[in-house]
Amino acid sequence: MMTSKLVVPKYALVAVVLLAFACSLTSAYDPSPLQGFCVAIDNPASTVFVNGKFCKDPKLVTADDFFCSVNIPGNTSNKVGSNVTAVTMEQLPGLNTLGISLARIDFAPRGLNPPHTHPRATEILVVIEGTLHVGFVTSNANDNRLFTKVLNKGDVFVFPISLIHFQLNVGNTNAVAFAGLSSQNPGVITIANEVFGSNPPINQDVLTKAFQLDKNLVNYLQQQF
Ligand SMILES: *[C@@H]1O[C@H](CO)[C@@H](O)[C@H](O)[C@H]1NC(C)=O
Ligand SMILES: *[C@@H]1O[C@H](CO)[C@@H](O)[C@H](O)[C@H]1NC(C)=O
């Protein structure tokens, strides 16, 4: 049998190295606050003005500005059987400008955190109690691929920024998870509410064609949200 030696031209190697360098530059970034912290404040007395925001005078800042508690489960007696307790700059003023936030998610047995996206944040989720079926769908350019996993206590999963994702409690007990989000204001777009529950409603001709549904079914769905 003949073995052939692979010959790679020098310019091709240089191109590969340059490409790898360019990729590492474009795929790695981190928010960079312009100051150590800027505790958000509503009343502009006793403030300094930094980066276009009112910030509490650093001399008046206390430990409590960086503290809040999410020890109380959210009420899951609703249609989907889940409840998100957000910790953003609104609940924790010390988060302002720091590019990070948190959510506690409670699930009743079989409860669902329905498909949604965070336009400004990647989410990293850890299960504290129970068993969750979680997943996200990639963009059109990536063939709408679905990635799912069943998570138990202590398991961690990451949902890339802006992709549609969900979490379903597949256990017979309550479940609790915490999520870290890479924005102080991640934003939430819940797909079903957005599409079928808009105010005013989206023209039914748009929805029948887009989702290939009967008009009666569109009507029914619009009444649910
Ligand atoms: C989530 O729980 C809180 C606290 O119990 C409650 O005030 C809120 O209405 C609940 N939200 C939903 C969507 O059920
Ligand atoms: C949870 O919400 C339901 C429905 O709104 C309400 O009837 C119930 O009293 C609430 N439970 C608690 C503990 O607040």
Side-chain angles (χ1 to χ4, degrees), residues 39-42 64-96 98 100-137 148 150-159 161-202 207 211 217-225:
V39 175
I41 196 164
D42 290 327
D64 278 341
D65 289 318
F66 301 100
F67 169 84
C68 78
S69 190
V70 280
N71 58 353
I72 300 168
N75 187 338
T76 58
S77 302
N78 52 44
K79 273 187 175 177
V80 288
S82 77
N83 191 309
V84 178
T85 307
V87 182
T88 67
M89 183 188 75
E90 298 300 324
Q91 293 78 25
L92 187 54
L95 276 177
N96 188 35
L98 297 184
I100 194 168
S101 58
L102 184 96
R104 171 186 174 134
I105 314 160
D106 288 283
F107 301 84
R110 306 279 145 182
L112 170 71
N113 188 12
H116 63 280
T117 86
H118 303 293
R120 290 177 294 278
T122 287
E123 170 174 338
I124 183 165
L125 181 103
V126 58
V127 176
I128 301 300
E129 227 32 273
T131 304
L132 298 178
H133 165 73
V134 307
F136 69 86
V137 183
T148 66
V150 172
L151 307 182
N152 293 300
K153 187 172 177 170
D155 290 345
V156 174
F157 199 78
V158 65
F159 306 99
I161 183 167
S162 82
L163 297 183
I164 294 179
H165 61 282
F166 55 82
Q167 297 110 21
L168 174 70
N169 181 1
V170 289
N172 296 318
T173 60
N174 289 340
V176 186
F178 283 84
L181 294 135
S182 63
S183 166
Q184 69 188 33
N185 185 16
V188 191
I189 296 171
T190 304
I191 308 305
N193 303 44
E194 196 89 358
V195 171
F196 295 107
S198 70
N199 184 19
I202 295 176
L207 297 178
F211 292 91
L217 193 45
V218 168
N219 209 17
Y220 171 81
L221 287 167
Q222 285 186 322
Q223 282 160 24
Q224 306 310 304
F225 296 96

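Each ligand, and each atom within it, is numbered from 1 in the order the structure gives. Position 1 is the first residue of the sequence, and the numbers go up from there.
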Under 4.0 Å from one or more heavy atoms of N78, ligand 1 contributes atoms 12 (C), 13 (C), 14 (O)
G74 heavy atoms within 4.0 Å reach ligand 1 at atoms 2 (O)
Ranking T76, I72, N75 by closest non-hydrogen atom to atom 1 (C) of ligand 2, top hit is N75
When every non-hydrogen atom of P114 is compared with those of V80, the smallest separation belongs to CG-CG1, 4.2 Å
So CD1 of I72 and CZ of R104: to nearest 0.5 Å the spacing works out to 9.0 Å
Check your understanding: Any side-chain heavy atom of F211 sitting closer than 4.5 Å to one from L217?
Key -> no
Do F66 and V39 come within less than 4.5 Å of each other through their side chains, counting heavy atoms only?
-> yes
Flag [atom] as yes if some protein heavy-atom distance to it falls below 4.0 Å, otherwise no.
{"atom": "atom 14 (O) of ligand 2", "answer": "yes"}
{"atom": "atom 7 (O) of ligand 1", "answer": "no"}
{"atom": "atom 11 (N) of ligand 2", "answer": "yes"}

Checklist entry - Does one side chain, of N83 or T76, offer a donor that lies under 3.5 Å from an acceptor on the other? => result no
Can an N or O of N83 be found at a distance shorter than 3.5 Å from an N or O of ligand 1? yes
The protein heavy atom nearest to atom 4 (C) of ligand 2 is S77 O, 3.8 Å
Practice prompt. Please test H165 against H118 for side chain to side chain contact (heavy atoms under 4.5 Å, CB included), starting from the C-alpha separation and ending with a verdict.
Written response: CA-CA 9 Å; H165 61 282; H118 303 293; 3.4 Å; yes
